[in-house]
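So the structure is just underneath, and the comments pick up after that.
The sequence lines fix the lettering, A, B, ..., with proteins before strands; numbering per chain opens at 1.
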Amino acid sequence: DAGVTQSPTHLIKTRGQQVTLRCSPKSGHDTVSWYQQALGQGPQFIFQYYEEEERQRGNFPDRFSGHQFPNYSSELNVNALLLGDSALYLCASSSRDRGQETQYFGPGTRLLVL
Amino acid sequence: SQQGEEDPQALSIQEGENATMNCSYKTSINNLQWYRQNSGRGLVHLILIRSNEREKHSGRLRVTLDTSKKSSSLLITASRAADTASYFCATRDFGNEKLTFGTGTRLTIIP
């Protein structure tokens, strides 16, 4: 049973560019959440997708957007990258239909903005 | 914003000793969860405790929750070198899907 997978593992971009990160949830999960983790900090919630809609959003600007596909996989897009966007981006999946409270995390994508 | 504060920020103990880390939070919660993170990679779920529970065990882990003090503790007994990692508490509020993480405790087990 494959867990949560994310791609790519590492990414280097320059300021002003755009980036797309991808996440495939654990089998049987229908909900995907994205988190940003700066160095030395705890993860911070960006948003959550369920039934292809953004259900909840954290305190992040509109430069951060996402999408969920019919197969439950998800993308996180960040436009107009800033140096401060350098972080580990974590995807987590869960099953809202099953009332599952535990979120299972992928290995993350480490983004460096130069 | 961070919900909780873990205490201590860093902890080093000898292998075989017990490790205790604490977490404080600010809001009324539905549940509190503890996660482990190795070397800045993905988070591994350890244990979940609901707001109406006071104590929970899982293998070498023991978690307590005091909702009146808005605090939780994680005890790892008989520590092993493989327990070296960062540990985070995360809370989930009622009617809220997101997890709000604390700042983490970096645990080092000395062989």
message: Donor-acceptor pair, distance only, cut-off 3.5 Å: does the side chain of B:Y35 make one with the backbone of A:F105?
response: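 Between the backbone of A:F105 and the side chain of B:Y35 there is no qualifying donor-acceptor contact (under 3.5 Å).
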Region of [X] that comes under 4.5 Å of a non-hydrogen atom in chain A:
X	answer
B:R50	side chain
B:Q9	neither
B:L48	side chain

- request: Please indicate whether B:R80 has more than 12 foreign heavy atoms, meaning atoms of other residues, nucleotides or ligands, lying under 6.0 Å from its CZ.
  value: no
message: Taking atom CG as the centre, does A:L83 end up with more than 12 heavy-atom neighbours from other residues, nucleotides or ligands that are less than 6.0 angstrom away?
response: yes
- request: Would you tell me whether B:Q33 and A:Q103 have side-chain atoms, one donor and one acceptor, within less than 3.5 Å of each other?
  value: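 No donor-acceptor contact under 3.5 Å links the two side chains.
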From CA spacing to verdict: side-chain contact (heavy atoms from CB on, under 4.5 Å), B:L43, A:Y35: CA-CA 11 Å; B:L43 294 155; A:Y35 293 81; over 6 Å; no
Check: residues 9-17 of chain A side-chain donor-acceptor pairs under 3.5 Å, at least two apart:
from, atom 1, to, atom 2, distance (Å)
A:T14, OG1, A:Q17, OE1, 3.2
A:Q17, OE1, A:T14, N, 2.9

- request: With rounding to the nearest 0.5 Å, note down the distance linking CD in A:Q56 to CD in B:E97.
  value: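 Spacing of CD (A:Q56) from CD (B:E97) equals 6.5 Å.
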Sequence neighbours excluded, every pair satisfying ring pair (Phe, Tyr, Trp, His ring centres under 6.0 Å) that has a member inside residues 53-92 of chain B: none
field: Toward chain A: residues of residues 63-74 of chain B with heavy atoms under 4.5 Å
entry: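 So far as heavy atoms go, nothing in residues 63-74 of chain B approaches chain A to under 4.5 Å.
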query: Looking at A:Q6, A:R110, A:Q37, A:R55, which one has more heavy-atom pairs under 4.5 Å with chain B than the rest?
result: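 The candidate making the most pairs under 4.5 Å is A:Q37.
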Check whether [X] and [Y] end up in the same hydrophobic cluster, where Ile, Leu, Val, Met, Phe, Trp and Tyr are linked by side-chain heavy atoms less than 4.5 Å apart.
X	Y	answer
B:I29	B:L46	yes
A:L111	A:V4	no
B:M21	B:Y25	yes
A:L90	A:L21	no
A:W34	A:Y72	no

query: Between B:V44, B:N96, B:N30, which shows the greatest number of heavy-atom pairs under 4.5 Å with chain A?
result: B:N96
message: Does any backbone or side-chain atom of A:F47 lie under 4.5 Å from a heavy atom of chain B? Answer side chain, backbone, both or neither.
response: neither
task: Give every residue pair that meets the side-chain hydrogen bond (donor to acceptor under 3.5 Å, both in side chains) criterion with at least one member in residues 77-88 of chain A, sequence neighbours excluded.
output: A:T20-A:N77, A:R63-A:D85
